[in-house]
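Small disclaimer: the values here were computed from a predicted structure and weren't measured.
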Number of protein chains: 2
Amino acid sequence: MDKTIIAQRLSEFYMFSELQPAQIEQLVAGTRALDVPRGGTLFNRGDRAHGFYLLLEGQVKLGVISPQGDEKVIGLIQPGQSFGEAVLFLERSFPIYAQAILDAKVLLITRDAIFDILDSDVTVVRRMLAGISARNRQLVNDIESISLQNSTQRLIGYLLQISADSPNPARVQLPASKLTIASMLNITPETLSRVMLRLHNAGLIEVNGKEIVITNVAGLRNFE
Amino acid sequence: MDKTIIAQRLSEFYMFSELQPAQIEQLVAGTRALDVPRGGTLFNRGDRAHGFYLLLEGQVKLGVISPQGDEKVIGLIQPGQSFGEAVLFLERSFPIYAQAILDAKVLLITRDAIFDILDSDVTVVRRMLAGISARNRQLVNDIESISLQNSTQRLIGYLLQISADSPNPARVQLPASKLTIASMLNITPETLSRVMLRLHNAGLIEVNGKEIVITNVAGLRNFE
DNA sequence: TACAGTTATTGATTCGAATCAAGTTTTGAA
DNA sequence: TTCAAAACTTGATTCGAATCAATAACTGTA
């Protein structure tokens, strides 16, 4: 896989999102791209951690096998998710195995690469901790909005967020299909469509495909 | 609290267990012991972070409150666990509040003390990375289960998790009131009560206050 | 430019869980 | 030991959003 692609993927990953280009370069040198066919094993229980993994495509299953031989799936990894970080940083062996359940492309960021870069530059520690912490905050926010707000409020929050501090009226472009946006907001596409219609009928937004004009930012903020 | 006791407790904490006595001394100088009565607040949402916390005794609840006053419990902290690390590395305030739900003894390890140690010791860095990574993983799991599972499956998942690998039948103790558990699972107390009744009627669990006996672990895992 | 496949909208209906209400039980503090 | 407050349970009802179903409107590509 192309080095620039790997650099791109690594810098999009939350843990490295605060790193500088030179630091990403260094990391790329210690990263291996792996193609794992469906059914293939990434690591077994008891293996030493040689690094941690970032799944780019496909799907990976994490699990344990009991002494009686039955299998318990601990988690399913989707593209964009990483696994094995905690084990790596704690310098333990894996308590689980990882197996591809679809043909998978993964990046293995090696132990040496991570630890070298951590040691080589004192700013890296702060930057990585900042990246992980920002992710932590985002997750807490997500839980809060899923838990405490209805679908209308979630959509409003999202629209206000992506319109940031645009003037009134704000013109924003949805960054993905409405199916994808709906899934992010944890609602069905049908509900998204209906909520948008309601906001439109209330005179707050105009919808043209992916382009949304918030005609009344304050009104949207105070809706209901 | 006595300095030697604080030193003792800090050096037992996994994050600092590899530190030299001199480093522990340094950390102790930047640590404050707090007694928080049941119901007392450690910090509120929006407070600036002065450090992170290590719970020695009692129990602490982490949560958020919606503008309408609804509460969502994000996590329950048990003795030996730390919280508030992630906020240290962003120039932000706490996104959650922390309240003691039992009389609690906590150590507040101040920001400056931590930063000094982070610069001087690599194992602390790695363990902090591991700790926050593990917490992020847990948050992702929480989002997933809130999003993808109904209330019955969420309770079952929770019971199986806290019973871990107990034998069959497993006897577990709820770590908090049913109100708190319900909030963590994102259901109302009424629904929690009804789901428990259903599982009981299906012959899977016995409920006596906070004590739950899972009479049929396999059956519970495969319920519905 | 046509058309196949995805993406989006709209309507009817169902369902899970919240809410409202009224108890009972447990609890911890005086 | 008592008693008020908090925690919990059970029942009736409502409500938000999912599901099921049937188009309509795009979008890429042959």
Side-chain angles (χ1 to χ4, degrees), chain A residues 144-159 172-202 205-213 223-224, chain B residues 36-40 58-59 61 63 65-73 76 99-104 143-159 173-202 205-212 223-224:
Chain A
E144 181 179 4
S145 73
I146 293 173
S147 303
L148 297 174
Q149 299 188 134
N150 62 28
S151 56
T152 304
Q153 291 305 316
R154 293 209 295 280
L155 175 59
I156 289 175
Y158 180 72
L159 289 177
V172 300
Q173 194 79 11
L174 294 181
S177 73
K178 289 179 185 170
L179 261 67
T180 303
I181 304 290
S183 171
M184 281 193 2
L185 297 174
N186 239 98
I187 55 182
T188 57
E190 294 94 324
T191 297
L192 179 68
S193 190
R194 287 174 181 128
V195 172
M196 284 196 163
L197 185 60
R198 283 233 317 289
L199 295 178
H200 171 74
N201 289 339
I205 64 173
E206 297 289 333
V207 182
N208 268 75
K210 286 195 167 60
E211 181 172 284
I212 315 266
V213 180
F223 187 73
E224 264 187 0
Chain B
V36 185
R38 175 200 184 93
Q59 201 173 41
K61 178 175 77 174
I65 294 185
S66 76
Q68 295 77 28
D70 301 320
E71 178 186 49
K72 160 70 183 158
V73 176
L76 274 181
Q99 183 189 35
I101 55 178
L102 297 174
D103 290 347
I143 290 177
E144 209 167 74
S145 76
I146 293 171
S147 305
L148 269 25
Q149 297 187 135
N150 63 27
S151 56
T152 304
Q153 290 306 315
R154 294 209 293 281
L155 175 60
I156 290 175
Y158 180 73
L159 291 176
Q173 193 80 11
L174 293 181
S177 72
K178 288 179 186 171
L179 263 65
T180 300
I181 305 290
S183 173
M184 287 208 324
L185 297 174
N186 231 66
I187 55 184
T188 56
E190 294 95 323
T191 298
L192 180 68
S193 190
R194 289 174 179 127
V195 172
M196 282 195 164
L197 185 60
R198 282 233 318 287
L199 296 178
H200 171 75
N201 289 339
I205 65 174
E206 297 289 333
V207 182
N208 268 73
K210 284 196 170 60
E211 181 171 285
I212 314 265
F223 186 74
E224 264 187 0

Any base atoms under 4.0 Å from A:Asn186, or only sugar-phosphate, or nothing? Heavy atoms, all strands. sugar-phosphate
Any side-chain heavy atom of [X] within less than 4.5 Å of one from [Y]?
X: A:Met196; Y: A:Lys178; answer: yes
X: A:Val213; Y: A:Val172; answer: no
X: A:Ser151; Y: A:Leu185; answer: no
X: B:Lys72; Y: B:Ser66; answer: no

Search all heavy atoms of A:Ala176 against all heavy atoms of A:Ile181 and return the closest pair with its distance. O-CG1, 3.9 Å
If you take all heavy atoms of B:Ala100 and B:Pro37, which pair is closest and at what distance? CB-O, 3.7 Å
Would you jot down, in residue-number order, the residues of residues 187-195 of chain B having a non-hydrogen atom under 4.0 Å from DNA chain D? B:Glu190, B:Ser193, B:Arg194
Would you list the protein and nucleotides 25-30 of chain C atom pairs, both N or O, that sit under 3.5 Å from each other?
none

Atom-pair distance (CD on A:Glu211; C1' on C:dA8), nearest Å: 17 Å
First locate atom [atom1] of [X], then atom [atom2] of [Y], and finally report the distance between them rounded to the nearest 0.5 Å.
X: A:Arg198; Y: A:Ile205; atom1: CZ; atom2: CD1; value: 10.5 Å
X: B:Ile65; Y: B:Glu71; atom1: CD1; atom2: CD; value: 5.5 Å
X: A:Thr152; Y: A:Ile156; atom1: OG1; atom2: CD1; value: 6.5 Å

For DNA chain D, which nucleotides open and close the run of contacts to chain B, 5' to 3', at under 4.0 angstrom from a non-hydrogen atom? D:dA7 to D:dA12
Do B:Ser177 and B:Thr180 have side-chain N/O donor and acceptor atoms under 3.5 Å apart? yes
